[in-house]
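Quick notes on the structure that follows.
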Number of protein chains: 2
Amino acid sequence: MRVLKYAILGLLDQKELSGYDITRLFKEEVGNFWSAKHSQIYPELKRLTEEEFIRYETVIQGKKLEKKMYSITEEGRAELSKWLTTIDPIPETTKDEFMLKAYFASSMSIEELKQQIDNQLSSRKVKLTFLKKRMDDLLEQVNHHITVSSPQFGHYLVLSRAQDRETSYINWLERTLNLIEKEQ
Amino acid sequence: MRVLKYAILGLLDQKELSGYDITRLFKEEVGNFWSAKHSQIYPELKRLTEEEFIRYETVIQGKKLEKKMYSITEEGRAELSKWLTTIDPIPETTKDEFMLKAYFASSMSIEELKQQIDNQLSSRKVKLTFLKKRMDDLLEQVNHHITVSSPQFGHYLVLSRAQDRETSYINWLERTLNLIEKEQ
DNA sequence: AATCGCATGTAAGGCGTTACATGATTCT
DNA sequence: AGAATCATGTAACGCCTTACATGCGATT
């Protein structure tokens, strides 16, 4: 259903961006929930331009380095709005390779299982620390007062959800580790 | 990295299954974290057979309906074990189309945003109720005493994680809805 | 002058979904 | 008799990643 199309339209509805800018954004906050590589982004930008949902202006950076600054058109805004108001069912599967391994616990030794959980736990703790730092920065930017109408509200939503997601995962991992260790 | 290959090997390490059985399993517990359609499963079974990680026996169901019962080979078990002990970094992106929409909150009216959150909330509550019922059934099966060595341990892990995942999502949705409603 | 970041593209191949296609068996 | 479920496959198409490919600009 071409989610990347809407991701790009949404980003361009906030401000003008180059393909390179979009690539960078997918490595930041929004990248917790959606991302794409530059090799997918450039063809999609070309296609959206042909479809007239976006257009670009060529800008010279320095002496001759050209970059294309894309902006959304009225048709693009209408298309974005259609997607934003669509109600979709929640997905039945959210793929998680680690949980697939966990499902096969009976094919592992207890030591192997503990190793997997330990590693997952420490990786996710690192990630949570990083997310908290990001959130601190954001809250400082808005003087600790975020509102729906703040331009940073979208950032706040993804950061708070990402934090919750990691916190919930970490709690489950710790509970599971206790369950395994108590039994031996 | 051919995760479906390992999903199939893991399932066949528990018991013999037909392609149809595997398709059904992906609609149950494990389907919360991994799944595939039959159109992907049958070619993968064929490929794994050629690679000699699995083999099959043709069984006649009724009078002439043939089904292929697959089982894992020693090489298959070794291959599965290699994957199960591999430590992977946590993925930077876990795609979630709803959260992508949330990131674009500033392109929506407050009413549209509330509609989206309301709907997500009720869908996820339905799902959580369903997961709790599944967990009750499982706990009854094992007389309310689950251990690492129980054959159902993998089922327990995915069900408890899926419940946590939904609970965390629901809490975030409710907090976010409050945040929006308080401000008006 | 070398390295890193900015900037844009294409090609090949694998993964995944939807649709097409067929037939047997069981249940109501 | 009809519907739902069991059972297996292929084809077309879109999505996504890895690798190939090139060149400018800024910093050290």
Side-chain angles (χ1 to χ4, degrees), chain A residues 1-8 11 16-28 31 33-51 54 56-70 83 88-89 91-97 100, chain B residues 1-9 11 16-28 30-31 33-51 54 56-70 83 88-89 91-97 100:
Chain A
M1 57 183 71
R2 291 185 69 193
V3 181
L4 179 58
K5 163 183 164 178
Y6 300 105
I8 290 175
L11 292 172
E16 296 197 356
L17 297 165
S18 67
Y20 192 83
D21 292 334
I22 293 170
T23 307
R24 264 194 297 101
L25 284 171
F26 280 137
K27 288 173 187 157
E28 302 186 5
F33 299 101
W34 206 270
S35 66
K37 313 282 181 187
H38 79 275
S39 55
Q40 203 185 352
I41 292 166
Y42 289 114
E44 188 63 39
L45 286 169
K46 195 180 175 185
R47 186 173 171 188
L48 287 169
T49 305
E50 282 159 9
E51 292 170 329
I54 62 175
Y56 68 87
E57 227 183 310
T58 303
V59 174
I60 306 285
Q61 203 77 345
K63 281 193 177 157
K64 46 177 163 171
L65 180 57
E66 293 191 350
K67 75 170 166 177
K68 294 178 181 171
M69 290 304 287
Y70 288 89
W83 175 70
D88 296 302
E92 293 183 15
T93 304
T94 298
K95 291 191 173 182
D96 182 334
E97 193 173 341
L100 180 63
Chain B
M1 55 182 74
R2 290 185 71 192
V3 180
L4 179 58
K5 162 182 165 180
Y6 299 105
I8 290 175
L9 290 177
L11 291 171
E16 295 196 357
L17 298 164
S18 66
Y20 192 82
D21 292 333
I22 293 170
T23 307
R24 263 194 297 98
L25 285 171
F26 280 138
K27 289 172 186 157
E28 302 185 4
V30 67
F33 299 102
W34 206 269
S35 66
K37 314 281 182 189
H38 78 274
S39 54
Q40 203 186 352
I41 292 165
Y42 288 114
E44 188 63 39
L45 285 169
K46 195 180 176 184
R47 185 173 173 187
L48 287 169
T49 306
E50 283 159 8
E51 292 170 331
I54 62 176
Y56 69 87
E57 225 182 311
T58 303
V59 175
I60 307 284
Q61 202 74 347
K63 283 193 176 155
K64 48 177 161 171
L65 181 59
E66 292 190 351
K67 75 170 168 178
K68 295 178 180 170
M69 290 303 288
Y70 288 90
W83 175 69
D88 297 301
E92 293 183 14
T93 304
T94 298
K95 291 191 172 181
D96 182 335
E97 193 174 341
L100 179 63

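Order of the sequence lines fixes the chain letters, A, B, ..., with proteins taken first and strands second; residue numbering starts at 1 for each chain.
At whole-Å resolution of the value, NZ in Lys95(B) and P in dG14(D) are 17 Å apart. One interatomic measurement links the two molecules: NE2 of His38(B) to C1' of dT5(D), which rounds to 14 Å at whole-angstrom precision. Atom CE in Met69(B) sits roughly 14 Å away from atom P in dC6(D) (whole-Å rounding). The distance from atom CD of Glu92(B) to atom C1' of dT17(D) is 14 Å, rounded to the nearest whole Å. When rounded to the nearest whole Å, the span between OH of Tyr56(B) and C1' of dT8(D) equals 12 Å. One can place NZ of Lys63(B) at 17 Å from P of dA7(D), the figure rounded to the nearest angstrom. Note: CG (Leu4(A)) to C1' (dC15(D)) measures 9 Å, nearest angstrom.
Using modelled atom types, no side-chain atom of Thr93(A) and backbone atom of Trp34(B) make a donor-acceptor pair closer than 3.5 Å.
The nearest pair of heavy atoms linking Ala7(A) to Leu100(B) is CB-CD2, 3.8 Å. Nearest approach of Ala36(A) to Ile41(A), heavy atoms of both residues: O-CD1, 3.6 Å. In this structure, Leu45(B) and Gly19(B) approach most closely via the heavy-atom pair CD1-CA, 3.6 Å.
Applying the side-chain hydrogen bond (donor to acceptor under 3.5 Å, both in side chains) test to Thr23(B) and every residue at least two apart in sequence or in another chain returns nothing. The side-chain hydrogen bond (donor to acceptor under 3.5 Å, both in side chains) search around Thr94(B) returns none, not counting sequence neighbours. Remark: Asp21(B) engages Ser18(B), Arg24(B) in a side-chain hydrogen bond (donor to acceptor under 3.5 Å, both in side chains) (not counting sequence neighbours). Applying the side-chain hydrogen bond (donor to acceptor under 3.5 Å, both in side chains) rule to Trp83(A) yields the partners Glu97(B); only residues at least two apart in sequence or on another chain are considered.
Applying the salt bridge (Lys or Arg N to Asp or Glu O under 4.0 Å) test to residues at least two apart or on different chains, the pairs with a partner in residues 35-50 of chain B are Arg2(B)-Glu44(B), Arg47(B)-Glu51(B).
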Between N or O atoms, less than 3.5 Å apart, protein on one side and nucleotides 26-28 of chain D on the other: list the pairs.
none

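Among the protein residues, Lys67(B) comes within range of the sugar-phosphate backbone only, with heavy atoms under 4.0 Å from sugar or phosphate atoms but none that close to a base.
Within the 4.0 Å cut-off from OP1 or OP2 of dC24(D), not a single side-chain nitrogen or oxygen of Gln61(A) is found.
Taking the nucleotide of DNA chain D with the nearest heavy atom to each of Arg2(A) and Ile60(A), the more 5' of the two is matched to Arg2(A). The residue among Ser39(B) and Lys64(A) whose nearest nucleotide of DNA chain D is located toward the 5' end is Ser39(B).
Running 5' to 3' along DNA chain C, contacts with non-hydrogen atoms of chain B at under 4.0 Å begin and end at dC15(C) to dT25(C).
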Under 3.5 Å, which donor-acceptor pairs do the side chains of residues 56-69 of chain B form with other protein atoms, sequence neighbours left out?
none

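Under the 4.5 Å side-chain criterion, counting only non-hydrogen atoms from C-beta, Tyr70(A) is not in contact with Leu11(A).
Taking every heavy atom of residues 20-27 of chain B and every atom of DNA chain C, no pair lies under 4.0 Å.
The terminal axes of the helix from dA1(C)-dT28(D) to dT28(C)-dA1(D), fitted over 5 pairs per end, subtend an angle of 30° to the nearest 10°.
Enclosure of atom CD in Glu28(B) by more than 12 non-hydrogen atoms of other residues, nucleotides or ligands within 6.0 angstrom is indicated.
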